[in-house]
Amino acid sequence: MLNTTYKKRIFLSSPHMSGNEINYINEAFETNWIAPLGPNVDAFEKEIANYVGANEAAAVSSGTAAIHLALSLLDVKHGDKVFCSSLTFVASANPIIYLGAEPVFIDSEPYTWNMSPQALERAFEEASYEGNLPKAVIVVNLYGQSAKMDEILAICNHYHVPIIEDAAESLGSTYKGKASGTFGKFGIYSFNGNKIITTSSGGMLISNDVESLRKARFLATQARDPAPHYQHSTIGFNYRMSNVLAGIGRAQLEVLGDRVKARRAIFNRYFQELAYLPGISFMPELASTQSNRWLTALTINEEESGVLVKDLLNILIEENIEARPVWKPLHLQPLFKGVRYYPHSENESISEHLFENGICLPSGSNMTEEDQMRVIHCMKETIRKRIERDVFKNQKI
Ligand SMILES: *Cc1c(COP(=O)(O)O)cnc(C)c1O
C-alpha cells in the first residue's frame, strides 16, 4: 500500500484566482452593495455579453438555474418533450424534470463527442411521425468542444424547434470564429468552482432576444409584478447572482483569455508526451473550432495498451492524482431508467464507448509543469509495465 500523504494532491480542475477579485469584493463591501443585485451584477452581465457577442446576458445563481429559466421561457411544461445530449453532466437534463417534461436522450458522434446530427435527425423523424415534436433541444459542448452546430441548427430550424446551448464547459471556445454558447435561442454558462472561470457558484443566461431576458430577470427575482405591495401572478424563482459574487466574476473574466491559453498548453503537453503510446486517442478538435480544452480527455484502447481505464484511475488515485472517467451517459443513469435514447446508429452507441474507455486528466490552469509531469510519468509507467507484462505472458505461452 502506497503512502499518499506526502504526495501533493493534484486536482482535476481547481479554482484559479487572479488576485484582482479582492478589489471588486472590497469595493462591494465599502459601498455596502452586499444585497443581491448591484453595480457588479449589471457590469458583469454587460461584460459577458460583450465578450461573447450576445445582445443580453442575465447573471444567475448557477448554470442549472440558467437552463431552468431557458426552458421556462420556452414554455416547457408537463407532458412536453425535450431532446438533450446524453453524454453530459446530470445538470443539463434535471431542469427538464423540474418542469414535468420528458427528456429524450441523443447520442454523441466520434468527431466532437457531442450530439450526433444523424441520431438527432432520426429522433426528429420519429417525433414528427408521432405528431409530438420536442419543445426544445439542449445541445452540450463537452469539455470545451463545440458540437457540430451547423448540422444541428439545420435540423432544428427545419422543424422550427429552438436550441438551448449548454456551454457550461465551453466559455472561451469558438466555432467558426463565433463564441460557443451564442448559436441557439439561449446559451448558458456556469461559474461553478471547477469551471474555466468561477464565481464560486454562479451562471449566466445569454440571448439576442432582449425581451426574453427581461422576462428571465423577472422570473429569477420571484416574479414580482410592478406594484408597491408584493403582488405575484406567476411562479418565480430566487435565482439571481449576488453583487459580491459578480465582482469575483468580473475579475475572472479579465483573465479568461489567459486561462484558455493555459488549458490549451496543458492539453498540448499531454498530447506531445502521450499521443504516441499504443491505444491512446485524444478527444479531437473539430476543424474551424477552437476548444478551451477545459479538461483534457482521451480514450484508452484496452487491447492495444493493456490498460483498463478503471485500473488506471485507481493507480492515479494512489498517486494522489484526481482523474475522472468521462461523464456517464444520462440514458444509463438509474434516474433516467426507461427514457428514450437515440444511438448514433442502429448498432453503435458512441457515448457508451466513450464512457467505458474515456478518462479526464488534471487540467487546471494553475497546475504546475512539474505536477503535470507527475501525471504523465504515472500514465507512461502504467502502460509500459502492462505491455512488458503482456509480452512476458505471451513468451511463456
Ligand atoms: C457544470 C455544468 C452544468 C451546471 O452548472 P452549475 O453552475 O454547476 O449549476 C451544466 N451542464 C454542464 C455540461 C456542466 O458541466
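Note that the coordinates shown come from a computational prediction; the quantities given were computed from them, not determined experimentally. Atoms within a ligand are numbered from 1 in the order they appear, just like the ligands themselves.
For residues 99-140, every residue pair satisfying the ring-ring contact (aromatic ring centres under 6.0 Å, His included) rule, not counting sequence neighbours, is listed here: Phe83-Phe124, Phe105-Phe336, Phe124-Tyr159. A side-chain hydrogen bond (donor to acceptor under 3.5 Å, both in side chains) check over residues 19-31, counting only residues at least two apart or in different chains, returns the pairs Ser18-Glu21, Asn20-Asn23, Asn20-Glu254, Glu21-Gln252, Tyr24-Glu254.
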Between side-chain atoms of residues 145-152 and protein atoms elsewhere (two or more places apart, or another chain), which donor-acceptor pairs fall under 3.5 Å?
residue	atom	partner	partner atom	Å
Gln145	OE1	Leu286	N	3.4
Gln145	NE2	Thr289	OG1	3.4
Asp150	OD2	Tyr175	OH	3.4
Asp150	OD2	Lys176	NZ	2.4

Where does ligand 1 get N/O contacts under 3.5 Å from the protein, atom by atom?
residue	atom	partner	partner atom	Å
ligand 1	5 (O)	Ser190	OG	3.2
ligand 1	7 (O)	Gly63	N	2.8
ligand 1	7 (O)	Ser190	OG	2.7
ligand 1	8 (O)	Asn192	ND2	3.3
ligand 1	9 (O)	Gly63	N	3.3
ligand 1	9 (O)	Thr64	N	2.9
ligand 1	9 (O)	Thr64	OG1	2.5
ligand 1	11 (N)	Asp166	OD1	3.3
ligand 1	11 (N)	Asp166	OD2	2.8
ligand 1	15 (O)	Glu169	OE2	2.6
ligand 1	15 (O)	Lys195	NZ	3.3

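Summarising the geometry, atom CD belonging to Glu273 is positioned 11.5 Å from atom CE belonging to Met379; distances are rounded to the nearest 0.5 Å.
Checked options Leu99, Ile235, Thr234; the residue passing with Ser72 is Leu99 (criterion: side chain to side chain contact (heavy atoms under 4.5 Å, CB included)).
Between Phe191 and Phe44, the distance separating the two ring centers is shorter than 6.0 angstrom.
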